[in-house]
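The structure appears right after this line, and notes come after that.
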Amino acid sequence: MYQFVKLAGSNLERTFLAVKPDGVQRGLVGEIIRRYEAKGFTLVGLKLMQVSRELAEQHYDVHKERPFFSGLVDFITSGAVVAMVWEGDGVVASARKIIGATNPLTSEPGTIRGDYGVSIGRNLIHGSDAPETAQREISLWFKDEELVNWQPSVISWLYE
Ligand code: GDP
Ligand code: MG
């Protein structure tokens, strides 16, 4: 059994990220994963999926009264999606910064949406917006046994 290093004062969290059908179609899966790996976060869950309408509606339940809701569900279910869980210190907020603002036209250059997108309805990637949302989304998309508990061997070069 792997011995986990205990990180003093760390705020170890998990977040849910999904490369949307536009990101998969545009061949950006590798580039998106690369950014989180290079940052130093740990991939603990990964699967390529055809998303059902039921899952898409549950995932975006908070937006069900919005005018774009049915178009959003159509879009998320229109092609392959890469669902992921990432772990790390403060990963929820940090992953959102790496993603950038919702509308790619106003996302900062250097962010995923800022570098690769032009339209709010084709903004490449989803990321949980808070630790509580992350827990809800992880359990909605992944079974416990689909998540792998492991720690990178370079952990002491990532964390003080
Ligand atoms: P996010 O957390 O940055 O992904 O943004 P939200 O939670 O506000 O919205 C969820 C998703 O709905 C966004 O990522 C967009 O794909 C889509 N969306 C949000 N606002 C709009 C809108 O005004 N028009 C359209 N077409 N899509 C939108
Ligand atoms: Mg959101």
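Whatever order the structure lists ligands and atoms in, that order sets their numbers, starting from 1.
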Practice prompt. Quick one, list the residues around ligand 1 where some non-hydrogen atom comes in under 4.0 Å, by chain and residue number.
Written response: Lys20, Tyr60, His63, Phe68, Leu72, Arg96, Thr102, Arg113, Ile120, Asn123
Fill in: Carboxylate-amine/guanidinium contact Glu37 Arg34, below 4.0 Å
no
Worksheet entry | NZ/NE/NH1/NH2 to OD/OE distance under 4.0 Å, Glu57 and Lys64 | no
Worksheet item: Under a 4.5 Å cut-off applied to non-hydrogen side-chain atoms, are Ile125 and Ile32 in contact?
Response: yes
Discussion item. I'd like to know whether the aromatic ring centres of Phe41 and Trp86 sit less than 6.0 Å apart in this structure.
Written reply: no
Fill in: Which residues share a ring-ring contact (aromatic ring centres under 6.0 Å, His included) with Tyr116, sequence neighbours left out
none
Discussion item. Would Lys20 pass as a cation-pi partner of Phe75, given that its NZ or CZ must be under 6.0 Å from the six-membered ring centre and within 45 degrees of the axis?
Written reply: no
